Amino acid sequence: MKNRKIIIGSRGSKLALIYAEKAKEKILKHSKDFGIEEVIIKEIVTKGDQVQDKRLSEVGGKGLFSKTIEVELLEKKIDIAVHALKDMPF
């Protein structure tokens, strides 16, 4: 199996980075089994992070903190996304 790097996409908030670190630890625990050499956390700035002067409901509500991360995942810029479920649109 070829050696590879895993990129975890996460917001840069304290809570998001705690979740991303926990995911990284779990991956690294089994990394040798899958030929993973490196796990990197990529901090992603979302629209919700950028908007500081308006109520989030005025700029779109749910998904403001996850859409940019989803796009990075779909465009294969990250391998996995770690995010709190509370912001996911249902």
Side-chain angles (χ1 to χ4, degrees):
M1 180 172 286
K2 76 175 191 173
N3 292 322
R4 63 179 288 208
K5 166 176 63 173
I6 299 290
I7 301 172
I8 299 172
S10 173
R11 288 183 57 226
S13 72
K14 186 175 180 177
L15 181 59
L17 290 174
I18 289 170
Y19 288 146
E21 281 293 337
K22 288 186 178 288
K24 179 179 178 177
E25 289 170 14
K26 298 280 186 186
I27 293 167
L28 287 172
K29 185 176 179 181
H30 300 285
S31 61
K32 290 192 189 321
D33 298 334
F34 297 98
I36 299 167
E37 284 187 332
E38 186 178 13
V39 179
I40 296 170
I41 296 173
K42 178 181 180 183
E43 292 183 32
I44 300 170
V45 178
T46 66
K47 186 169 185 177
D49 296 314
Q50 294 170 340
V51 176
Q52 299 292 314
D53 60 340
K54 296 180 183 170
R55 300 181 101 186
L56 295 177
S57 60
E58 293 175 22
V59 263
K62 293 279 187 181
L64 290 174
F65 293 99
S66 60
K67 184 66 178 170
T68 307
I69 297 171
E70 288 177 21
V71 169
E72 293 246 349
L73 186 61
L74 291 170
E75 293 177 352
K76 301 184 188 289
K77 294 178 181 176
I78 59 174
D79 298 301
I80 64 172
V82 174
H83 199 282
L85 186 60
K86 67 181 184 172
D87 185 54
M88 300 305 292
F90 293 103

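All of these numbers come straight from a predicted model, not from anything done at the bench.
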About how many Å separate CG of Leu28 and CD of Glu38, when rounded to the nearest 0.5 Å?
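Going from CD on Glu38 over to CG on Leu28, the span is 9.5 Å.
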Roughly how far, to the nearest 0.5 Å, is CZ of Arg4 from CD of Glu37?
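Glu37 CD to Arg4 CZ: 11.5 Å, rounded to 0.5 Å.
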Pairing residues for Lys77 by the side-chain hydrogen bond (donor to acceptor under 3.5 Å, both in side chains) criterion, not counting sequence neighbours:
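Expected list: Glu75.
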Does Glu72 have any salt bridge (charged side-chain N to carboxylate O under 4.0 Å, His left out) partners at least two apart in sequence or in another chain, and if so, which?
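Glu72 satisfies salt bridge (charged side-chain N to carboxylate O under 4.0 Å, His left out) with Lys42 only.
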Under the rule for salt bridge (charged side-chain N to carboxylate O under 4.0 Å, His left out), what residues qualify as partners of Lys22, not counting sequence neighbours?
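Here no residue qualifies.
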For the student: nearest non-hydrogen atoms of Ala16 and Arg11, plus distance
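Closest approach of Ala16 to Arg11, heavy atoms only: CB-O, 3.5 Å.
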Transitive ILVMFWY cluster of Val71, excluding itself - 4.5 Å side-chain cut-off
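Traced through the cluster, Val71 reaches no other member.
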Under the 4.5 Å side-chain heavy-atom rule for ILVMFWY, direct or indirect, which residues accompany Ile78?
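Same cluster as Ile78: Ile7, Ile44, Ile69, Leu73.
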In chain order, what residues pass the side-chain contact (heavy atoms from CB on, under 4.5 Å) check against Ile27, with sequence neighbours excluded?
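side-chain contact (heavy atoms from CB on, under 4.5 Å) list for Ile27, sorted by chain: Ile6, Ile8, Ile36, Val39, Ile80.
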Just so I know, are the side chains of Ser10 and Leu17 near enough to count as touching, which here means a heavy-atom distance under 4.5 Å?
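They are in side-chain contact.
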